[in-house]
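Side chains included, hydrogens not; waters and symmetry mates left out as well; all remaining heavy atoms used.
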Amino acid sequence: YISFAALNDGAGYLGDSHRLFSLPSASMLAYLKPSTDIGRRALIMVQHDVEGFAKLTFAPQEARAIAELYRTQALSANRATETAFRARAGQADIIHLAAHGELNPVQPLFSRILLGKDRINDGSLEVHEIYGLDLKETDLVVLSACDTQLGPLSRGDDFVGLSRAFLSAGAAAVVATLWPVDDEATGLLMKRFYSYLSDGLGPAAALSAAQKDTRAKYPHPYYWAGFVLTADPSGLE
């Protein structure tokens, strides 16, 4: 629950001088696949207008900018459904979901990402459903949504949540959030993150650089320090 990127010794932030990685548990390290390269097959989905939730005004612009970098089209509105995600996620190197996330601290297997619904699926992509996906081809999942890194501690040493579920499904790395994030600042951070990633930086270095860029406009750690990379540090820098 601590953002190590925001720790400051009076001279600077820890995230500026170190490449930071997180794990849901020490035991999880044995099951993570190291990845030294991020492919370019990107699935980018944005669901910015969900009934009962605040509209994510800047999310469509964020998704379009990222899609341009990877020469693809973002799926949005009625195309950004849970059904579309299930059909395409297994073939994607990068999965980017710009949507609302909802933590369920009482029943963590029902924490969720809110996508579009249709006649096949209800649009609520829940933790217990993610465990059943096949994401062995996926190098990176980015959850550009609120509270996606969080979850209650199990009786062992695991945090049960969205991050843990995507890693268990086969993804090599996950970027997720420690708290509710600001829509506009997140859009800026994500554009910078993918720009650095596209230029050849690894996810940890790209996230650190993007956080530093975002800090120039939004100095308070609330706006940039909530994003955390969960991955095996032996393969990613």
Side-chain angles (χ1 to χ4, degrees), residues 1-24 26 28-29 32-44 62-63 65-72 92-98 135 137-145 148-149 162-164 166-167 170-179 181-182 184-237:
Y1 283 79
I2 296 174
S3 170
F4 283 84
L7 297 181
N8 193 302
D9 63 0
Y13 288 102
L14 185 65
D16 290 343
S17 56
H18 293 74
R19 298 290 174 256
L20 302 177
F21 299 83
S22 174
L23 290 172
M28 187 68 189
L29 186 59
L32 291 180
K33 60 179 184 183
S35 177
T36 55
D37 188 32
I38 303 293
R40 295 192 61 85
R41 297 176 301 169
L43 172 61
I44 301 161
E62 168 193 324
I66 297 166
E68 287 178 9
L69 286 172
Y70 291 92
R71 298 181 180 180
T72 187
D93 300 316
I94 295 172
I95 296 172
H96 180 89
L97 300 179
L135 300 180
E137 297 294 319
T138 304
D139 301 316
L140 176 66
V141 175
V142 176
L143 304 176
S144 184
T148 48
Q149 178 74 3
L162 289 160
S163 253
R164 175 72 166 78
F166 277 105
L167 292 169
V174 177
V175 172
T177 57
L178 288 168
W179 52 68
V181 291
D182 179 80
E184 186 173 4
T186 295
L188 171 61
L189 187 146
M190 284 298 163
K191 290 173 195 174
R192 300 306 300 148
F193 171 70
Y194 280 103
S195 179
Y196 285 120
L197 201 65
S198 187
D199 287 343
L201 289 186
L207 181 59
S208 176
Q211 288 175 321
K212 189 173 183 179
D213 288 352
T214 305
R215 191 165 72 238
K217 184 175 181 180
Y218 301 95
H220 195 284
Y222 164 76
Y223 293 99
W224 53 268
F227 291 89
V228 176
L229 172 67
T230 304
D232 178 353
S234 66
L236 295 168
E237 296 180 1

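- In this structure R40 satisfies the salt bridge (charged side-chain N to carboxylate O under 4.0 Å, His left out) test with no other residue, sequence neighbours excluded.
- Between the CG atom of L162 and the OG1 atom of T230 there is a distance of 11.5 Å, given to the nearest 0.5 Å.
- A salt bridge (charged side-chain N to carboxylate O under 4.0 Å, His left out) check over residues 195-210, counting only residues at least two apart or in different chains, returns nothing.
- Nearest heavy-atom pair across K33 and L135 is NZ-O, 4.0 Å.
- Listed here is the closest heavy atom pair of R19 and G15: NH1-O, 4.4 Å.
- No donor-acceptor pair under 3.5 Å is formed between the side chain of T72 and the backbone N or O of A67.
- With rounding to the nearest 0.5 angstrom, the CG atom of L7 is 7.0 Å from the CD1 atom of I2.
- D213 places no side-chain N or O within 3.5 Å of a backbone atom of A216 that could act as its donor or acceptor partner.
- In this structure, CD in E68 is found 12.0 Å from OG in S198, a value given to the nearest 0.5 Å.
- None of I95, V175, V174 except one satisfies the side-chain contact (heavy atoms from CB on, under 4.5 Å) rule with L143; the exception is V174.
- Y218 is linked by a ring pair (Phe, Tyr, Trp, His ring centres under 6.0 Å) to Y223, counting only residues two or more places apart in sequence or in another chain.
- Here the side chain of D139 pairs no donor or acceptor atom with the backbone of I38 at under 3.5 angstrom.
- Listed by chain and number, the residues in a side-chain contact (heavy atoms from CB on, under 4.5 Å) with A209 are Y196 (sequence neighbours excluded).
- Under the rule for a side-chain contact (heavy atoms from CB on, under 4.5 Å), the partners of A5 that lie at least two apart in sequence or sit in another chain are S3, L20, Q211, W224.
- No donor-acceptor distance shorter than 3.5 angstrom exists from the side chain of S208 to the backbone of A204, with no hydrogens or angles considered.
- Shown here for T177 and F227, the closest heavy-atom pair between the two residues is CG2-CE2, 3.3 Å.
- The two residues E62 and G187 have their closest heavy-atom pair at OE1-CA, 3.6 Å.
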Test ring pair (Phe, Tyr, Trp, His ring centres under 6.0 Å) applied to H96 and Y194, step by step: CA-CA 10 Å; H96 180 89; Y194 280 103; 5.3 Å; yes
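- Side chain of T186 to main chain of D182: a donor-acceptor pair is present (N/O by atom type, distance under 3.5 Å, no hydrogens or angles).
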Show your working on side-chain contact (heavy atoms from CB on, under 4.5 Å) between Y13 and K212 and close with a plain yes or no. CA-CA 9 Å; Y13 288 102; K212 189 173 183 179; over 6 Å; no
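- Contacts of D16 classified as side chain to side chain donor-acceptor pair (under 3.5 Å), with partners at least two apart in sequence or in another chain: R215.
- Between L29 and D232 the shortest side-chain heavy-atom distance falls below 4.5 Å.
- At least one side-chain heavy atom of V142 sits less than 4.5 Å from a side-chain heavy atom of F193.
- When all heavy atoms are compared, the tightest approach of L43 to A92 is CB-CB, 3.8 Å.
- Atoms CG and CG, from D9 and L14 in turn, are 8.0 Å apart once rounded to the nearest 0.5 Å.
- With a 4.5 Å cut-off on side-chain heavy atoms, Y70 and L197 count as touching.
- Nearest heavy atoms, I94 versus G39: CD1-O, 3.4 Å.
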Let's go through L189 and V181 carefully: what are the C-alpha distance in whole Å and the side-chain angles of both, what is the deciding distance for side-chain contact (heavy atoms from CB on, under 4.5 Å) to 0.1 Å, and is it a yes or a no? CA-CA 11 Å; L189 187 146; V181 291; over 6 Å; no
